[in-house]
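Written below as structure tokens is the structure these notes are about.
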Amino acid sequence: MLAEGRIWKFGDDIDTDLIIPARFLNVSEASALARNCFADLRPDFAASVRSGDILVAGNNFGCGSSREHAPLAIKAAGIAVIIARSFARIFYRNAFNIGLPLIESAEASEGLAEGEKSRVDLSAGTILRISDGARFTAKPVPDFMAGIIRAGGLVPYTIERIKAGS
Amino acid sequence: MPMTITEKILAAHSEKEVLSPGDLVQVKVDMALANDITAPIAIKVFGEIGRESVFHRDKVALVADHFVPNKDIASAEQVRIARDFARRHKITHYYEGGDVGIEHVLLPEKGLVLPGQVVIGADSHTCTYGGLGAFSTGVGSTDLGVIMATGEIWLKAPPTIRVNYEGRLNPFVGGKDLILHLIGMIGVEGALYSALEFGGAVIEAMPMYQRLTMANMAIEAGGKNGIVEPDEITKAFVKERGPEAEAGAVYYRSDPDAVYERVITVNVSDFGPQVAFPHSPANIRDISESGTVLLDQVFIGSCTNGSLEDLRDAASVLKGHRAARDIRLIVIPGSPRIYMEAIREGIIETFMEAGAVIGPPCCGPCLGGHMGILASGERALATTNRNFIGRMGHPESEVYLGNPFVAAASAVLGRIGAPGEL
Ligand code: SF4
């Protein structure tokens, strides 16, 4: 799986209230959530993010509440993959469950800057900066999680399991 | 092989006899929980999977507690989705209106979550039930939709961090301070992916409501679950929930030679009430070092400190006092039963005489939903669990976290302060 786009750079401990503030949680349509993604932190984000862009963050991305609205908003806004030094646990599950891949890479988290065009190869676990060809490596995505992404998320994955079992 | 209580509960609910940290297992769920924010997406997921009925109509709890009584048309539509689903599937434990309390207060109170169970909720503070000696953790709506269809979830067995609390508690120090102190020590990702097991002499003597408070905030250190090994205090709590609860409880304890990722010892004699400064629950200061922080609002409630005992603690400080003129004091009992009992005991009278607004049992301003939103530049001290940027309202407002004693004293003082200052 490949993704190519511009980098949106964020810091450490980006919590789910920053990703999608609670006042926007009275709806659950992904497109409506996307319009308010990072509303307080980066008011320009929702309007200018393009499909295929890449989000890069520091430690503990997605900490806080279990709201799946957070990865849904990011995915619907157009982000193809999130790279961070580490992810909060519930966010990590949620993102894979809805088919938004995450990769952990300290190197890329430090090395990549806002606006740089980059390419991510998920299965190989490599990240390439287009301008100078610099490469960064990532922790490979665990097989089980890769399986969920391949199926298209936990729902199709579960439907396959139910069919296989019955 | 020796195991921790977390490993034992997960093993008992999976096909494995023994479990080690890192093992990926398919786990049977005893209770699945969602609220008015997370249920609609879970219900949509359930529909996509295409199962006719939920895996067990007694093992799904839907609690409309976040934006209720419905604050606007959009939230009313969300609640209606949950209500229609509950009716269609004859869900036994659906709560709305006068039956509703904060999910994590209501479920233990009703004996719907028990020691030894696996409880999975589409709410991050589902980890609260670890106070009873259950394995409980928060997930997103997709996981929950799948559980409603299959009764199962995939989980990675977490390593356990054991925290032993020793020493003697200082006045007005309780579970809230112990967990805040720990988060201050290890940071907001100090327990990332791990189980936090609380023990030691201080925990063994700790009443249940404070154990629940401690487990509630395990997530604030990144923890997968917080847990306390059940004992006589646990058994007494379960006994009060009736014979059905007693029959359903299973009491696991960690083996003496269980393997821990890390063992931390905290000497509670070393600190007073703890306050989390903006904008992180790890930004902890002792109350004696909190300086002069003027406040606009004090909120007593939430799944962290919304129990009857918490209200008693706050009322014991407020009795005979009035909140400072410039303070909005908001008190929200965690459940209808707590509200009723607080009226009977005269606690509500104490709060009202102190100038408090009493809200109906729900999350209220905890998540900036409604009933107490902060304007820009305003400061609140709350007994809640999160003080992220904008958590209770405007992105330029500030939230400080503290225990119910501190909240009550601060309301009277008009600034952050300790009961001893009154
Ligand atoms: S009281 Fe606050 S933390 Fe607890 S469930 Fe409600 S919103 Fe979440």
Side-chain angles (χ1 to χ4, degrees), chain A residues 12-19 21-30 32-33 39-41 43 59-72 85-99 142-145 147-148 153-159 161-163 165, chain B residues 24 37-38 40-42 44-45 48-51 66-67 71-78 81 121-126 137-146 149-150 154 156 158 187-189 192-193 219-220 222-224 279-280 282 367-370 373 386 388-391 393-395:
Chain A
D12 291 336
D13 299 321
I14 301 295
D15 62 71
T16 49
D17 282 84
L18 288 174
I19 298 171
R23 62 182 184 276
F24 302 119
L25 297 182
N26 54 0
V27 297
S28 44
E29 293 81 28
L33 295 170
D40 296 333
L41 188 64
N59 283 321
N60 203 21
F61 186 85
C63 59
S65 89
S66 68
R67 62 187 71 153
E68 203 159 294
H69 312 65
L72 275 174
R85 189 186 274 273
S86 65
F87 292 93
R89 189 191 71 80
I90 303 178
F91 185 90
Y92 187 85
R93 288 186 77 97
N94 286 348
F96 279 94
N97 284 348
I98 63 157
D143 280 350
F144 179 74
M145 308 306 294
I148 291 178
L154 187 67
V155 172
Y157 178 86
T158 303
I159 295 172
R161 268 195 70 222
I162 291 176
K163 281 199 186 128
Chain B
L24 216 53
I37 293 181
T38 57
I41 300 181
K44 187 164 153 270
V45 165
E48 286 164 16
I49 294 168
R51 279 264 156 114
H66 277 61
F67 293 150
K71 72 160 179 150
D72 54 19
I73 295 171
S75 51
E77 297 293 341
Q78 302 276 93
I81 293 170
D123 188 277
S124 60
H125 293 102
T126 303
T137 193
V139 297
S141 295
T142 297
D143 272 316
L144 201 89
V146 169
T150 64
W154 66 267
K156 196 152 102 180
V188 290
E189 54 173 356
L192 194 60
Y193 296 109
I219 178 74
E220 263 59 68
K224 183 168 203 149
H279 293 284
S280 165
L367 82 162
H370 62 163
I373 306 294
R386 288 195 176 129
F388 300 154
I389 292 171
R391 173 73 178 178
H394 195 279

What distance separates [X] [atom1] from [Y] [atom2], expressed to the nearest 0.5 Å?
X: L154(A); Y: T142(B); atom1: CG; atom2: OG1; answer: 7.0 Å
X: E48(B); Y: I159(A); atom1: CD; atom2: CD1; answer: 7.5 Å
X: I389(B); Y: L18(A); atom1: CD1; atom2: CG; answer: 5.5 Å
X: R391(B); Y: D15(A); atom1: CZ; atom2: CG; answer: 8.5 Å
X: S28(A); Y: I81(B); atom1: OG; atom2: CD1; answer: 5.5 Å
X: F388(B); Y: D40(A); atom1: CZ; atom2: CG; answer: 14.0 Å

Mind listing the closest non-hydrogen atom pair of [X] and [Y] along with its distance?
X: F144(A); Y: W154(B); result: CE2-CD2, 3.2 Å
X: L192(B); Y: R89(A); result: CD1-N, 4.0 Å
X: V139(B); Y: R93(A); result: CG1-NE, 4.1 Å
X: A122(B); Y: S66(A); result: C-OG, 3.5 Å

Is it true that R386(B) and D17(A) make a salt bridge, defined as a side-chain N closer than 4.0 Å to a carboxylate O?
no

As a quick check of understanding, evaluate side chain to side chain contact (heavy atoms under 4.5 Å, CB included) for I162(A) and R51(B), giving each step before the final call.
CA-CA 10 Å; I162(A) 291 176; R51(B) 279 264 156 114; 3.2 Å; yes

Close side-chain approach of V45(B) and N97(A), heavy atoms under 4.5 Å
no

Residue [X] versus chain A: region with a heavy atom under 4.5 Å:
X: L367(B); result: both
X: I49(B); result: both
X: Y193(B); result: both
X: V188(B); result: both

Answer yes or no: is there a donor N or O on one side and an acceptor on the other, between the side chain of R23(A) and the main chain of H394(B), under 3.5 Å?
no

Judged by atom type as modelled, is there a donor-acceptor pair below 3.5 Å linking the side chain of N94(A) to the main-chain atoms of G140(B)?
yes

Go through the atoms of [X] and report whether side chain, backbone, both or neither lie under 4.5 Å from a heavy atom of chain B.
X: Y92(A); value: side chain
X: N60(A); value: both
X: I14(A); value: neither

At a heavy-atom distance under 4.5 Å, which candidate from P156(A), P142(A), A22(A) has the highest pair count against chain B?
A22(A)

Can you tell which of L41(A), T16(A), L72(A), N59(A) has the highest number of heavy-atom pairs within less than 4.5 Å of chain B?
N59(A)

Quick check on the interface: out of [options], who has the most heavy-atom pairs with chain A under 4.5 Å?
options: T126(B), D123(B), I373(B); value: D123(B)
options: E189(B), H370(B), K44(B); value: E189(B)
options: S75(B), G121(B), G138(B), S280(B); value: G138(B)

Where do L25(A) and Q78(B) land on the side chain to side chain contact (heavy atoms under 4.5 Å, CB included) test, with the steps shown first?
CA-CA 10 Å; L25(A) 297 182; Q78(B) 302 276 93; over 6 Å; no

Counting only heavy atoms not in K71(B) (residues, nucleotides, ligands), do more than 12 fall under 6.0 Å from its NZ?
yes

Atom CG of residue position D143(A) - does it have more than 12 heavy atoms of other residues, nucleotides or ligands inside 6.0 Å?
no

